[in-house]
Number of protein chains: 2
Amino acid sequence: MKKTACNAEAKTSPRDRIVSSACALFRTHGIRGIGVDAIAQAAETNKMTLYRHFGSKDDLVCETLKVASAQAAALWDDLENRFPDNPRAQIDGWVAGRADCLASEPHGCDLANAAVELKEDGHPAHVLIDRFKTEQRRRLEDLCRAAGLSDPELLADTLSMLLEGARVSRIATGDHGPAARFERACHAAIAGHERSKAG
Amino acid sequence: MKKTACNAEAKTSPRDRIVSSACALFRTHGIRGIGVDAIAQAAETNKMTLYRHFGSKDDLVCETLKVASAQAAALWDDLENRFPDNPRAQIDGWVAGRADCLASEPHGCDLANAAVELKEDGHPAHVLIDRFKTEQRRRLEDLCRAAGLSDPELLADTLSMLLEGARVSRIATGDHGPAARFERACHAAIAGHERSKAG
DNA sequence: CATGGGTGTGACCGGTCGGTAACAAGCAGA
DNA sequence: TCTGCTTGTTACCGACCGGTCACACCCATG
């Protein structure tokens, strides 16, 4: 029998463990706040194996950001599956889902945090971050337009800023800050774009 | 004649130069991205003098955050001087001023960036950041209430999140992102809280 | 001239950083 | 059994980190 399939707690590949350990440690310590040695140790492997899979720490950073991007993409798919052909319900579901994450994941958005932390221009992560954030906004705008809401560009930008702001507020001032009213703020913004009201 | 007053480009005190160099370098490289040696060199002094004024790098970080807080406080005073006894005009002035800073200062808020970057709990900067952000939100709420706008808590939180979100969006996706519509989003939010409309 | 506080200099400390070399061990398929 | 790829181990590299030491220096005051 193959060792990699002999039991439930089978060892995943060293590469996968490195990526998931890196995700977790970058979140809790910051990208610059954790060393590759600590990441390798947390992944129950060693630095040499890490460097065989990723040419540099920056490469590993980019890989973790890609993973985070993929997870976010899966959330959009889930939204579409739960409310097929109902863009308005998808928007409400998006708001509720983001509010839940806000409460359960106090660390904020990995991509946005990386953008703040990695100041060197030319860092390969920047293009990933830009692409990701632009894509998120685009999906939101498409949803707003499909739902027949007025000025979908402005509403999408408003919702994007509210979410981004709620996450950093959560980091800066904790639960009692503005983030506590994220959901209400979103609903108020959406209400202001309903056609029945003043266009 | 005293050396410190003999000409226009008189040397400021080493301490002041250290603080302003640290502010600039923390902004451009991140707090973890710049060393005390480089800060001292940029301030045209040396590491030993730096450590005579600040017991540690964390102390220096806190000092720069206090400077940034004081600058923000001065902006509120300026707002009150420009529009005395006119809270509504002060709100509009706040929106316009923040939009201007958004364009001219792409680095975002020093305090918020520090909150994202410094993950170690117990870091002395965290209490400064919390106090600062809470104070900013309180002043905004007071202004909304004085202007007779409905639900001033929600509006203050909304404006806070919009600003915070605009700044991090600016960092993540540049000028073409949601931050470009910060001003319009603020005005739409404020309009939704005017008593003449649906309470 | 003497004193003393703020400053400059350079070496130094232990530790950690990202990254590499060399070699042994395990394990797959042929 | 042989082969070849993936791993593990250890030591090492140069660079930099935050922080400290001892000592010389400048200069205003007395």
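All chains are named by letter (A, B, ...) in the order of the sequence lines, taking the proteins before the strands, and each is independently numbered beginning at 1. A quick note: this is a predicted structure, and the numbers were derived from the prediction, not measured. Hydrogens, waters and symmetry mates play no part in the numbers below; they use all other heavy atoms, side chains included.
Atom CG in B:Leu50 sits roughly 11 Å away from atom P in D:dT20 (whole-Å rounding). In this structure, CD1 of A:Ile39 is placed 8 Å from P of C:dG18, rounded to the nearest angstrom. Straight-line distance from the NE2 atom of B:His53 to the C1' atom of C:dT7: 8 Å, rounded to whole Å. Per the geometry, CD belonging to A:Gln41 stands 12 Å off P belonging to D:dT10, to the nearest Å. Put simply, CG on A:Asn46 is 15 Å from P on C:dT20, counting in whole angstrom units. Regarding B:Asp16, its CG atom lies at a distance of 10 Å from the P atom of C:dT7, rounded to whole Å. Computed from coordinates, the B:Met48 CE to D:dC25 P distance equals 18 Å when rounded to whole Å. As a whole-Å value, the separation of A:Phe54 CZ from C:dT20 P is 15 Å.
The side chain of B:Thr49 contributes no N or O atom lying less than 4.0 Å from OP1 or OP2 of C:dT7. B:Thr45 has no side-chain polar atom (N or O) that falls below the 4.0 Å cut-off from OP1 or OP2 of C:dT7.
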Quick one: which protein N/O atoms are closer than 3.5 Å to N/O atoms of nucleotides 14-18 of chain D? Pair and distance per line, please.
unit_1: D:dG18; atom_1: OP1; unit_2: B:Lys57; atom_2: NZ; d: 2.6
unit_1: D:dG18; atom_1: OP2; unit_2: B:Val36; atom_2: N; d: 2.9

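Taking every heavy atom of residues 18-28 of chain B and every atom of DNA chain C, no pair lies under 4.0 Å.
In the hydrophobic clustering, A:Val168 connects to A:Val116, A:Ile171, B:Val116, B:Val168, B:Ile171, either directly or through intervening members, whenever side-chain heavy atoms lie under 4.5 Å apart.
Under 3.5 Å, the side chains of B:Ser20 and B:Asp16 contain no donor-acceptor pair of N or O atoms.
For B:Glu105, there are no side-chain hydrogen bond (donor to acceptor under 3.5 Å, both in side chains) partners, not counting sequence neighbours. Not counting sequence neighbours, B:Asp100 has no partner by the salt bridge (Lys or Arg N to Asp or Glu O under 4.0 Å) test.
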Pair up each side-chain donor or acceptor in residues 27-36 of chain B with any protein partner under 3.5 Å, not counting sequence neighbours, and list the distances.
unit_1: B:Arg27; atom_1: NH1; unit_2: B:Asp110; atom_2: OD1; d: 3.4
unit_1: B:Arg27; atom_1: NH1; unit_2: B:Asp110; atom_2: OD2; d: 2.5
unit_1: B:Thr28; atom_1: OG1; unit_2: B:Ala24; atom_2: O; d: 3.2
unit_1: B:Thr28; atom_1: OG1; unit_2: B:Leu25; atom_2: O; d: 3.4
unit_1: B:Arg32; atom_1: NH1; unit_2: B:Glu117; atom_2: O; d: 3.3
unit_1: B:Arg32; atom_1: NH1; unit_2: B:Glu120; atom_2: OE2; d: 3.0
unit_1: B:Arg32; atom_1: NH2; unit_2: B:Glu120; atom_2: OE2; d: 2.7

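Side-chain atoms of A:Arg52 come within donor-acceptor range of the base of D:dG8, with a qualifying N/O pair under 3.5 Å.
Within the structure, side-chain hydrogen bond (donor to acceptor under 3.5 Å, both in side chains) pairs that include any residue of residues 156-172 of chain B comprise A:Arg181-B:Asp157, B:Lys133-B:Glu164, B:Arg137-B:Asp157, B:Arg170-B:Asp175 (at least two apart or interchain). Residue pairs meeting the salt bridge (charged side-chain N to carboxylate O under 4.0 Å, His left out) criterion with at least one member in residues 45-59 of chain B, sequence neighbours excluded, are B:Asp37-B:Lys47. Every pair passing side-chain hydrogen bond (donor to acceptor under 3.5 Å, both in side chains) that includes a residue from residues 67-84 of chain A is listed here, sequence neighbours excluded: A:Trp76-A:Gln136, A:Asp78-A:Arg82.
Atom-to-atom distance recorded for B:Ser150:OG and B:Ile190:CD1 is 11.5 Å, nearest 0.5 angstrom.
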